[in-house]
Amino acid sequence: MLIIKDAGRGETPVPADAVLQPGDEVGINNPDTGDQESWFCQAVVPAGGNVDYAIADQNGEPRPLATRSATHDEIAYVFRRDDAEIIVLQSSLLRGKAAADAAGLNPES
């Protein structure tokens with residue numbers, strides 16, 4: 001009997017034009033409360049890349065056997081906070097950053 005526990009290891013590179021790197025921390029506004037919450041970037045997924053493989057590869061873990069089928073036409077960022085996960089496309093991230101810059105919410109801008 002052959003038992004396969006994972007799909008091996010791979011490499012999902014962070015795209016050169018990514019604005020964040022895995023491990024970066026960002027503040028994301030909660031639309032329900034209006035509060036800014038701290039999230040960390042768990043993975044950067046290249047356009048057309050597999051989210052679950054990127055998470056595993058960029059965090060030094062084996063690839064999972066089962067993955068989500070969704071892929072994106074642009075760079076996507078996987079953010080984690082406690083047990084929650086959100087995926088944000090680069091275009092949305094840049095729009096949010098521009099709005100925060102215009103409102104004077106980003107101290108480094």
Would you mind reporting whether His72 and Leu89 have side-chain heavy atoms less than 4.5 Å apart?
yes

With sequence neighbours left out, what residues match Ala99 under side-chain contact (heavy atoms from CB on, under 4.5 Å)?
none

Sequence neighbours left out, what passes side-chain contact (heavy atoms from CB on, under 4.5 Å) with Asn29? Give chain and number order.
Gln36

Note: with side-chain heavy atoms under 4.5 Å as the link, the other cluster members for Leu93 come out as Val14, Val19, Leu20, Val26, Ile28, Trp39, Val44, Ile75, Tyr77, Phe79, Ile86, Val88, Leu94

Side chain to side chain donor-acceptor pair (under 3.5 Å) contacts in which one or both residues fall within residues 17-28, not counting sequence neighbours:
Glu25-Ser38

Verify the cluster assignment for Tyr53 and Val51: are they in a single hydrophobic cluster under the rule of side-chain heavy atoms below 4.5 Å apart?
no

Using salt bridge (charged side-chain N to carboxylate O under 4.0 Å, His left out) as the criterion, list what pairs up with Arg95, not counting sequence neighbours.
none

Quick one: list whatever passes salt bridge (charged side-chain N to carboxylate O under 4.0 Å, His left out) with Glu37, sequence neighbours left out.
Arg81

Closest approach of Leu65 and Ala7, non-hydrogen atoms and distance?
CD2-N, 3.8 Å

Within this structure, what is the CG-CG distance for the pair Asn50 and Asp57, rounded to the nearest 0.5 Å?
9.0 Å

Who pairs with Arg80 by side chain to side chain donor-acceptor pair (under 3.5 Å), at least two apart in sequence or on another chain?
Glu85

Quick one: salt bridge (Lys or Arg N to Asp or Glu O under 4.0 Å) pairs with a partner in residues 46-55, sequence neighbours left out?
Asp52-Arg68

Assess whether atom CG of Asn30 is packed by more than 12 heavy atoms of other residues, nucleotides or ligands within 6.0 Å.
yes

Short side-chain to backbone donor-acceptor contact, Asn59 and Glu61, under 3.5 Å
no

Please report the shortest heavy-atom distance between Ala56 and Arg63, naming the atom on each side.
CB-CA, 3.9 Å

Can any side-chain N or O of Gln58 pair as donor or acceptor with the backbone N or O of Pro22 at less than 3.5 Å?
no

Between Pro15 and Pro46, which heavy-atom pair has the shortest distance, and what is it?
CG-CA, 3.7 Å

